[in-house]
Amino acid sequence: MQKFLFRKVELWLVLFLALLAIIGSIGFGAVVLDTERDQKHFGPIGRAALAVANVPETVRQMLKRKTAMAAVKWDRFKDQPGGWTFAPGAPTLPGYLLLSRYDGTARRHIDELVSMADGKVLYTWRPDADALLADAPRTSLVADFTGWDNEHYRTIHPFLLADGSLIIKDHQNYAMRIDACSKRLWLQDKLLAHHSTESDGEGGVWMPGLIEPPTFTDVQPDWREDAFLHLDADGNILSMESLPQLFMEKGRDWALFNASHRERDPVHLNDIQPVLQDGPFWKKGDLFLSMRHTSEIMLYRPSTREIVWSKQGPWLAQHDVDILDDHRIAIFDNHAYDRGLGARVDGANRVTIYDFTTGQTTGPWDKALAELGVETLSEGLFSILPDGTLMVEEENSGRLLFLAPDGAVRATYINNAEDGKTYRLGWSRWIDPALGDQALKSLAGVSCGG
């Protein structure tokens with residue numbers, strides 16, 4: 001064998017074989033290009049060549065899918081204990097948490113109702129996407145259907161009802177309601193939904209949706225036309241309105257189209273926060289809108305189709321806007337930018353409070369969030385609990401933080417799995433004691449069998 005491997009070879013033979021390899025590579029490339037362009041001159045041979053050429057990409061995608069549910073910064077907390085850590089001597093946190101997380105050990109997403117007093121899991125939902133989406137239409141040009149399976153589905157911002165059922169969805173997926181045993185009660189399959197789910201105060205919910213195909217005739221088919229989607233508790237569409245069409249009507253086409261660049265997702269609506277009672281600066285039924293790609297918060301009045309107020313910055317690429325009282329709102333500011341070298345967080349995320357009375361912004365937790373290194377580039381949300389505690393979900397690192405008004409850490413949750421990796425969260429939601437107690441009472445007698 002050694003003699004065979006190291007025997008002398010004539011130079012002309014080496015050159016001849018190299019020439020054959022070059023000619024073969026050119027020919028193979030021509031066949032692949034012909035097939036990719038759908039010219040079909042080579043029939044089955046072309047299809048086989050294209051399959052071979054796609055092998056590296058296929059392997060890459062397989063590896064990517066295998067780790068898709070790991071947090072973006074999956075190794076950041078690998079040396080820290082997973083689960084809950086409560087600061088010694090800290091006040092007991094109120095209410096419950098609907099913890100939405102990917103279980104990296106079970107390789108599926110789960111939703112847990114957790115007692116904030118001690119981190120104890122009181123109930124668990126295990127939605128099975130394979131079964132729940134088995135008959136769902138797959139006609140979208142926006143949705144990634146490879147993620148519509150049990151191993152890759154996430155429940156984004158699950159919404160708890162008093163009977164123990166949940167309204168769930170993934171990004172670019174259909175909203176549905178599941179019962180206590182995670183069986184489907186209804187599926188809204190007319191429009192894809194995404195990002196937040198918020199109560200309208202009357203039994204229904206608001207969430208961002210996508211209109212397909214776009215109502216514009218001069219855009220690419222997969223151009224994202226965000227919509228305000230209003231559903232009742234039974235999944236019926238109460239209203240649906242195109243945000244880009246509203247922009248055009250109000251002379252805001254500058255936010256959608258310009259000659260310097262083309263953006264497939266120009267607005268990126270990521271939160272709809274309904275106003276539930278009148279105040280000096282808004283009316284019941286108004287909607288606060290968060291638009292990441294314009295770094296803008298807007299107050300919209302559907303009853304009159306009026307843009308009451310809007311402000312761009314100081315937040316950058318923000319998610320999540322909440323109403324604090326009758327004159328203040330707070331925004332989860334990702335504080336992210338891209339100057340051509342890739343998107344990144346400028347320092348740390350912030351929670352910015354805007355006061356309509358003074359027109360001023362404040363950031364009471366800026367120092368604490370910077371010291372803790374809270375820097376989720378995408379997603380992320382917050383809540384301010386009745387006792388003043390700040391809850392922040394740092395989705396890209398799989399971490400939840402609960403901070404006192406002075407910035408002291410009261411509790412931490414890290415979504416680690418047995419393999420040492422940290423896995424993704426799904427927009428967890430603080431639950432007030434009254435709703436949590438009511439839901440637990442409904443769930444007490446539930447038996448889901450095997």
Side-chain angles (χ1 to χ4, degrees), residues 56-57 59-78 142 144 146-147 154 156 171-172 194-195 208 219-220 222-224 226 244 247 252-271 289-298 310-321 331-352 361 363 365-382 392-399 401 421-425 427:
E57 175 62 16
V59 172
R60 188 184 75 83
Q61 290 295 335
M62 288 175 63
L63 293 174
K64 182 179 178 182
R65 276 177 55 78
K66 190 173 181 62
T67 60
M69 294 298 103
V72 175
K73 298 184 177 182
W74 60 266
D75 59 345
R76 186 176 175 195
F77 304 119
K78 63 181 181 181
V142 174
D144 179 7
T146 62
R154 290 196 298 159
I156 299 298
H171 290 307
Q172 287 67 252
H194 55 95
H195 289 88
V219 297
Q220 62 220 77
D222 63 345
W223 190 78
R224 292 176 61 101
D226 281 321
F247 273 24
R252 292 174 53 93
D253 48 330
W254 53 264
L256 302 173
F257 313 107
N258 63 63
S260 63
H261 72 279
R262 174 185 58 81
E263 174 60 68
R264 185 177 67 90
D265 182 15
V267 179
H268 198 88
L269 178 66
N270 58 32
D271 188 22
L289 311 175
S290 170
M291 293 164 285
R292 176 177 172 89
H293 289 176
T294 57
S295 294
E296 183 174 14
I297 302 295
M298 177 183 291
S310 72
K311 182 172 174 58
Q312 289 180 282
W315 36 83
L316 289 169
Q318 79 291 333
H319 283 78
D320 198 9
V321 52
I331 297 98
F332 182 80
D333 178 9
N334 293 78
H335 213 57
Y337 68 93
D338 187 343
R339 297 173 185 166
L341 300 176
R344 62 199 67 192
V345 174
D346 185 7
N349 301 147
R350 302 175 178 179
V351 173
T352 301
T361 59
W365 289 280
D366 286 356
K367 181 180 178 181
L369 294 174
E371 290 176 348
L372 290 163
V374 179
E375 51 178 33
T376 186
L377 177 63
S378 60
E379 305 193 34
L381 53 68
F382 80 105
V392 169
E393 181 177 291
E394 190 182 9
E395 194 279 337
N396 286 184
S397 295
R399 178 171 66 161
L401 289 166
K421 293 181 179 180
T422 305
Y423 284 81
R424 305 186 71 176
L425 297 171
W427 297 39

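If you take CD on Glu379 and CD on Glu393, they are separated by 8.0 Å, rounding to the nearest 0.5 Å. In this structure, CG on Leu256 lies 13.0 Å from NE2 on His293, to the nearest 0.5 angstrom. With rounding to the nearest 0.5 angstrom, the CG atom of Asn349 is 11.0 Å from the CG atom of Leu316.
The aromatic rings of Phe332 and Phe382 sit parallel to each other, their planes meeting at less than 30°, with 60° as the upper class boundary. Between His195 and His268, the two ring planes are perpendicular [angle over 60°; tilted spans 30° to 60°].
Proximity of a side-chain donor or acceptor of Gln172 to a complementary backbone N or O of His194 within less than 3.5 Å is not detected. In this structure, Asn334 contributes its side chain and His319 its backbone to a donor-acceptor pair below 3.5 Å. In this structure, the side chain of Arg339 does not engage the main chain of Tyr337 through any donor-acceptor pair within 3.5 Å.
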Legend entry - Check against side-chain contact (heavy atoms from CB on, under 4.5 Å), Val392 and Val374: CA-CA 9 Å; Val392 169; Val374 179; 4.0 Å; yes
Inset, instruction - Before giving the answer on side-chain hydrogen bond (donor to acceptor under 3.5 Å, both in side chains), spell out for Ser378 and Asn396 the whole-Å C-alpha distance, their side-chain angles and the decisive distance to 0.1 Å. - result: CA-CA 7 Å; Ser378 60; Asn396 286 184; 3.1 Å; yes
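Taking 4.5 Å as the limit, some side-chain heavy atom of Ser310 sits within range of a side-chain heavy atom of Arg252.
Pairing each heavy atom of Val142 with each of Asp222, the nearest pair is CG2-O, 3.8 Å.
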